[in-house]
Amino acid sequence: IHLATSTMGNMFFITVQNSFDGTLLKRNQRGLPQTRKTDSGCHGIGLQNVIHRVEKYGGKLDIQSETEGDIHILEATVMLQTVPVEPPRK
């Protein structure tokens, strides 16, 4: 797993990359990849929770997959707008 953060202008980005075996099931209506685990009722809620929190704060979640040779990477990027912080009053 690779985790990185960055800023650009007034945007804050959190990017998580993880390798996988190259097989993604069809994405659901929210664009999330489906779990392949047999007890799917107990899995696959992590990204849904991330989306709820990101949307609560006016952000976006982008999920991409890419292949480089024999390596398959799933990348999730959270994009949030930064809020200016006022200096403490004296």
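Hydrogens, waters and symmetry mates play no part in the numbers below; they use all other heavy atoms, side chains included. When a residue number appears, it is its place in the shown sequence, counting from 1.
Not counting sequence neighbours, the partners of Met79 by the side chain to side chain contact (heavy atoms under 4.5 Å, CB included) test are Met11, Phe13, Lys60, Asp62, Thr77. For Thr5, the side chain to side chain contact (heavy atoms under 4.5 Å, CB included) criterion is met by Phe12, Ile14, not counting sequence neighbours. For Glu66, the side chain to side chain contact (heavy atoms under 4.5 Å, CB included) criterion is met by Glu68, Ile73, not counting sequence neighbours.
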Next item on the list: In sequence, state the C-alpha distance, the side-chain angles, and the governing distance for Thr15 and Leu3, and then conclude on side-chain contact (heavy atoms from CB on, under 4.5 Å).
Entry: CA-CA 6 Å; Thr15 301; Leu3 174 68; over 6 Å; no
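Hydrophobic clustering (ILVMFWY, side-chain heavy atoms < 4.5 Å, transitive): Ile1 and Ile63 are in one cluster. No continuous path of hydrophobic side-chain contacts links Met8 to Leu80 [ILVMFWY only; heavy atoms under 4.5 Å].
For the 3.5 Å distance criterion, the side chains of Glu75 and Gln17 qualify, holding a donor opposite an acceptor.
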